[in-house]
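All of these numbers come straight from a predicted model, not from anything done at the bench. Both ligands and their constituent atoms are indexed starting at 1 by order of listing. Residue numbers start at 1 and run along the sequence shown.
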Amino acid sequence: MNILLVGSGGREHALAWKIAQSPLLTRMVAAPGNPGMAALCETRAVAATDVDALVALAGEIAADLVVIGPEVSVAAGLADALQAVGVPCFGPSAQAGQLESSKAFTKAFADRYGLPTAAYVVCDDAAAARAALDRFEAPYVIKADGLAAGKGVVIAPTRAEAETAIDDALGGRFGAAGARVVIEEFLEGEIGSLFALCDGETSMLFGWAQDHKRAFDGEQGPNTGGMGAYSPAPVFTPELVEQVRTRLVEPAFAGIAADGAPYRGVLFVELMATRHGPKLVEFNVRFGDPECQVLMLRLESDLVPYLLACATGTLKDLPAPLWRDEAAVCVVVAATGYPDTPKSGGEIRGADQDFGPDGVVFHAGTRRDDGILRASGGRVLNACGRGSDLKAALDRAYGAIERIDFADGFFRRDIGWRALARSASASRR
Ligand code: AMP
């Protein structure tokens with residue numbers, strides 16, 4: 001098969017790494033890809049939002065399948081354009097993509113189809129938004145409506161900070177993404193990420209993980225796109241998984257189909273496991289980054305048949321995927337100053353060495369200048385490890401970071417702390 005993979009981050013490097021292991025693969029081209037992906041496949045300098053050029057590239061390489069990595073390509077209508085020319089595409093239409101591109105849309109969708117989620121109001125002017133705070137208690141949750149690369153959410157401990165967050169968003173901090181804000185009830189519980197595939201009709205769960213959104217150790221600092229992830233995550237008891245499937249996943253796929261936009265691709269359900277069961281925090285219309293990285297390390301089955309089945313409506317013919325009975329972890333190495341002002345251009349050495357069968361470092365935001373690897377984004381590298389348990393996986397990931405020279409980077413040293421704390425308390429019992 002010829003596969004065009006769209007995107008350039010750690011998620012796409014992990015997808016490329018797994019796709020490259022498929023016996024079904026003839027040729028893989030990544031657009032635009034990154035220097036890490038360039039070691040696995042051809043790369044073409046076509047932006048992930050340049051729909052016309054991507055459709056032309058799919059034609060040029062006679063793609064049997066296009067795999068969309070990032071949400072920006074979904075929002076740009078890439079799946080719609082490929083469907084119009086008959087190229088199978090893993091990734092939903094722009095209409096279905098509103099489940100991620102507008103939080104206000106998703107909240108209304110959840111209400112319409114009875115999906116449990118936090119109480120909320122949507123406002124597009126600062127005075128109304130400030131007044132709406134009366135209806136909530138601290139901590140306040142303020143979200144930019146549109147796509148803000150995971151950075152548009154502020155959990156404000158005080159009313160004054162909530163008002164600042166409202167003024168920032170409506171004042172243009174996130175551009176058009178912040179022209180409306182969603183204020184919502186703070187949910188108490190543990191966060192989790194669950195993935196489900198759908199081909200328009202049939203759906204299938206496709207793994208779960210937990211990530212760390214805050215920039216610094218101890219869940220301190222601003223929200224980020226994600227600083228690390230691990231799987232399996234003990235929060236996902238069989239009971240919780242079943243509740244998420246019946247209360248969130250299946251109603252979401254049925255609802256979006258009833259809205260006239262049957263879903264083809266992967267739906268990422270970010271949920272809070274509360275005392276009252278799972279509540280939707282948000283949907284994303286693509287794999288999570290960095291959750292995808294740990295799922296790819298744990299996925300035993302060939303990925304390609306699942307991607308193709310979503311694109312061609314044949315998911316009912318496939319068995320549930322097989323997962324390795326091992327733990328996997330991803331530690332994000334970010335550029336100093338991330339998420340607000342990441343320092344670009346820092347030199348990186350040693351990222352492309354062989355880290356053994358259970359270690360791999362994915363590129364997330366890098367570029368190569370005259371043969372020198374440099375940071376070019378907020379999240380720069382993803383050090384991943386696999387092992388018999390979480391501790392062993394963490395040792396591999398942190399061991400890989402020690403072997404890399406990147407003076408302008410930082411990373412969290414406590415990835416997986418919740419799961420480690422649980423197993424420590426279980427072994428004391
Ligand atoms: P989001 O960008 O919607 O995934 O939100 C980023 C992070 O903010 C989530 O991973 C949660 O940790 C937190 N968060 C979002 N919404 C809520 C909420 N209603 N209650 C508590 N925490 C939240």
Mind jotting down which residue pairs meet the salt bridge (Lys or Arg N to Asp or Glu O under 4.0 Å) criterion with at least one end in residues 251-263? Sequence neighbours excluded, please.
-> R112-D259
Proximity winner for atom 18 (C) of ligand 1, if only heavy atoms of H212, E184, E190, R214 are counted | E184
Applying a strict 4.0 Å limit to heavy atoms, is E188 in contact with ligand 1?
-> no
Under 4.0 Å from any heavy atom of K103, which atoms of ligand 1 are there?
-> 2 (O), 3 (O)
For ligand 1, is any non-hydrogen atom under 4.0 Å from D211's backbone (N, CA, C, O), its side chain (CB onward), both, or neither?
-> neither
Any atoms of ligand 1 less than 4.0 Å from a non-hydrogen atom of N223? List them with their elements.
-> 7 (C), 8 (O)
Give a yes/no on ligand 1: does K143 have at least one heavy atom closer than 4.0 angstrom to it?
-> yes
Under the salt bridge (Lys or Arg N to Asp or Glu O under 4.0 Å) rule, collect the residues that match up with E242, sequence neighbours excluded.
-> R245
Determine, step by step, whether L295 and W323 satisfy the side chain to side chain contact (heavy atoms under 4.5 Å, CB included) criterion, reporting the C-alpha distance in whole Å, the side-chain angles of both residues, the deciding distance to 0.1 Å, and the verdict.
-> CA-CA 9 Å; L295 292 187; W323 302 97; 4.2 Å; yes
Number the atoms of ligand 1 from 1 as they appear, then name those within less than 4.0 Å of a heavy atom of V281, with their elements.
-> 3 (O), 15 (C), 16 (N)
4.5 Å side-chain heavy-atom contact, I142 and L133 | yes
Check whether any N or O atom of V153, backbone or side chain, sits under 3.5 Å from an N or O atom of ligand 1, and answer yes or no.
-> no
What part of L187, side chain from CB on, backbone N/CA/C/O, both or neither, has a heavy atom under 4.0 Å from ligand 1?
-> both
Should you measure from each heavy atom of E270, which atoms of ligand 1 turn up under 4.0 Å away?
-> 1 (P), 4 (O), 9 (C), 10 (O)
Do T366 and R368 touch side chain to side chain, with heavy atoms closer than 4.5 Å?
-> no
For K213, the ligand 1 atoms whose distance to one of its heavy atoms is below 4.0 Å | 4 (O), 10 (O)
Kindly indicate whether the side chain of Y120, heavy atoms from C-beta on, has any atom under 4.5 Å from the side chain of T106.
-> no
Side chain to side chain donor-acceptor pair (under 3.5 Å) between T336 and D408, worked out | CA-CA 6 Å; T336 307; D408 290 334; 4.9 Å; no
So do the side chains of L187 and V141 get within less than 4.5 Å of each other, counting heavy atoms only?
-> no
With a cut-off of 4.0 Å, which atoms of ligand 1 are near a heavy atom of M272?
-> 21 (C), 22 (N)
